[in-house]
Amino acid sequence: MKPSRPSLLVLLVLACACGGSEEGDSPTVGGLDTSEAGIVAFVKDRRYQGWLAEPSVRDSTGPHGKVRVFFNGSAVDSLRAGKELHPVGTILVKELYSPDGERLIGHALDVKVKSGAGKDTWVFFEGVLPDYQDNYYGRGHDTCHGCHEAGTDYVTTTLPE
């Protein structure tokens, strides 16, 4: 009996499950579609909710006002290990809150898309509810990297105790 070839559908599923390349050639990194539309869908669906999170809303150390930060597994492992450069697939999500800290008003997200150092190894996003129009978005975004460059490999948040 002749072995069957995998179907195109199986190959596409496997390709998507593997995420992006180490060099960021694919828009999918760490299971996240890093296109602007992909990030908007991700935060609207709150797919980060199962990640390690800060226990409550707090004042941001930067320009974001009131925030609560969520860390994916790659971010947790890298921060716990004290790495100077985070691996591709490291993702942090900031929920942005109203000045009283009561109402979710948007999101900011950082995702490491390429190995190495420098602002162009990260995709930055910041957008506000309800429709996420006129977002800050892009690889090495000029507005975002200005504050983030003070962190360790552009991460300015520490893990919760």
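- Distance alone, capped at 3.5 Å, is enough to place a donor-acceptor pair between the Thr121 side chain and the Gly118 backbone.
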side-chain contact (heavy atoms from CB on, under 4.5 Å) assessment of Leu159 paired with Glu54:
CA-CA 8 Å; Leu159 286 175; Glu54 295 176 327; over 6 Å; no
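- The side-chain heavy atoms of His86 and Trp122, taken from C-beta on, include a pair separated by under 4.5 Å.
- No donor-acceptor distance shorter than 3.5 angstrom exists from the side chain of Asp110 to the backbone of Leu92, with no hydrogens or angles considered.
- Here OH of Tyr97 is found 10.0 Å from OG of Ser56. Values are rounded to the nearest 0.5 Å.
- Judged by distance alone, the side chain of Lys112 and the main-chain N or O of Gly116 form a donor-acceptor pair under 3.5 Å.
- For CG of Asp45, the number of neighbouring non-hydrogen atoms (other residues, nucleotides, ligands) closer than 6.0 Å is greater than 12.
- Between the side chains of Ser35 and Asp33, a donor-acceptor pair is found at a separation under 3.5 Å.
- Contact annotation: the side chain of Ile91 never approaches that of Val29 to less than 4.5 Å [non-hydrogen atoms, C-beta and beyond].
- Between Pro87 and Ser78, the shortest heavy-atom contact is CD-OG, 3.5 Å.
- Side-chain contact check for Phe125 versus Val111: every heavy-atom pair is 4.5 Å or farther apart.
- A donor-acceptor distance shorter than 3.5 angstrom exists from the side chain of Thr34 to the backbone of Pro27, with no hydrogens or angles considered.
- By the 30° and 60° cut-offs, the orientation of the rings of Trp51 relative to Phe42 is tilted.
- Ion pairing between a basic and an acidic side chain is recognised when a charged N comes within 4.0 Å of a carboxylate O; Asp59 and Lys66 show such pairing.
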Pair Phe71-Thr90, side-chain contact (heavy atoms from CB on, under 4.5 Å): steps then yes or no
CA-CA 8 Å; Phe71 308 80; Thr90 297; over 6 Å; no
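- To the nearest 0.5 Å, atom CD of residue Glu126 and atom CG of residue Leu109 are 11.0 Å apart.
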side-chain contact (heavy atoms from CB on, under 4.5 Å) between Asn135 and Val128, intermediate numbers included
CA-CA 8 Å; Asn135 304 310; Val128 295; over 6 Å; no
Working note: Val67 + Val57, criterion side-chain contact (heavy atoms from CB on, under 4.5 Å); need CA distance, chi angles, decisive distance, verdict.
CA-CA 5 Å; Val67 299; Val57 175; over 6 Å; no
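- In summary, Glu95 and Arg46 engage in a salt bridge, as defined by a charged side-chain N under 4.0 Å from a carboxylate O.
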Which side-chain N or O atoms in residues 101-108 pair as donor and acceptor under 3.5 Å with protein atoms at least two apart or in another chain?
| unit_1 | atom_1 | unit_2 | atom_2 | d |
| --- | --- | --- | --- | --- |
| His107 | ND1 | Tyr132 | OH | 2.6 |
| His107 | NE2 | Tyr48 | OH | 2.8 |

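- When all heavy atoms are compared, the tightest approach of Lys44 to Pro130 is CE-O, 3.8 Å.
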